[in-house]
Amino acid sequence: AQSVTQPDIHITVSEGASLELRCNYSYGATPYLFWYVQSPGQGLQLLLKYFSGDTLVQGIKGFEAEFKRSQSSFNLRKPSVHWSDAAEYFCAVGAGYQKVTFGTGTKLQVIP
Amino acid sequence: EAQVTQNPRYLITVTGKKLTVTCSQNMNHEYMSWYRQDPGLGLRQIYYSMNVEVTDKGDVPEGYKVSRKEKRNFPLILESPSPNQTSLYFCASSLLAGSSYNSPLHFGNGTRLTVT
């Protein structure tokens with residue numbers, strides 16, 4: 001069975017600083033990988049997805065993620081964080097037939 | 001506007017009193033699913049449906065029921081709620097596209113349920 005680990009429960013960054021959120025997955029085949037963002041009081045919104053091809057994928061709101069098969073990782077990055085990026089971020093792996101496993105989430109706090 | 005609509009947003013009830021949380025999507029998606037979100041546990045799948053009249057258990061189905069009589073609606077039923085079902089619930093939908101069915105999910109805004 002697949003699994004996802006987000007080792008950082010909570011991260012605080014200064015506005016304008018760079019951001020990297022870590023995600024490690026376990027899956028026996030080629031994974032389908034997703035990052036979702038949950039703003040307070042909202043549902044989850046897709047930031048980006050990786051299915052195949054270029055290992056560096058671009059998403060919405062200036063986010064990008066890099067798939068590294070050798071490290072079983074799919075880390076999310078943003079070069080310059082804005083206060084509106086404060087939210088909870090979930091990494092997820094898809095195993096076909098919409099069987100999606102989510103990580104436990106990383107809460108991002110942005111300080112002025 | 002394409003969306004998944006859940007109602008109610010907040011619900012407080014007592015143990016044993018049957019309740020239904022509604023979910024509707026206007027995107028003609030085949031796939032619909034219910035998740036519960038608990039601190040430190042992420043999202044866990046309760047039930048899902050691949051199409052009308054086709055439903056199946058997810059990872060934590062105990063104490064829940066669902067039905068899919070119409071493509072757009074996928075209600076979650078708690079026949080006899082208990083305090084351990086206090087949680088934040090999300091409905092999601094997606095197309096079943098491609099050979100492996102890994103389409104992104106579209107989520108509702110959540111229902112916060114408290115069972116006392």
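No experiment lies behind these values; they were computed from the predicted model shown. To find a chain, count down the sequence lines: A is the first, B the second, and so on, and within it residues start at 1.
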Fill in: Portion of A/Leu44 that has a non-hydrogen atom of chain B nearer than 4.5 angstrom
both
Fill in: B/Leu105, part contacting chain A, at a heavy-atom distance under 4.5 Å
both
Discussion item. In this structure, is the centre-to-centre distance between the rings of B/Tyr35 and B/Phe90 below 6.0 Å?
Written reply: no
Practice prompt. With a 4.5 angstrom heavy-atom cut-off, could you sort out which part of B/Leu41 is near chain A: side chain, backbone, both or neither?
Written response: backbone
Discussion item. Less than 4.5 Å to any heavy atom of chain A: does that hold for the side chain of B/Gln37, its backbone, both, or neither?
Written reply: side chain
Discussion item. For the backbone of B/Glu70 and the side chain of B/Asn73, can you confirm whether one donor and one acceptor N or O come within less than 3.5 Å of each other?
Written reply: no
Worksheet item: What residue among A/Pro31, A/Ser72, A/Ser52 forms side chain to side chain contact (heavy atoms under 4.5 Å, CB included) with A/Phe67?
Response: A/Pro31
Response to the item:
Under 4.5 Å to a heavy atom of chain B? For A/Glu88 that would be side chain
Worksheet item: What part of B/Arg112 is in contact with chain A, defined as an atom under 4.5 angstrom from a non-hydrogen atom: side chain, backbone, both or neither?
Response: neither
Worksheet entry | B/Arg68 bridged to B/Asp56 by N-O distance under 4.0 Å | no
Fill in: is_close_aromatic(A/Tyr36, A/Phe90), centroid dist under 6.0 Å
no
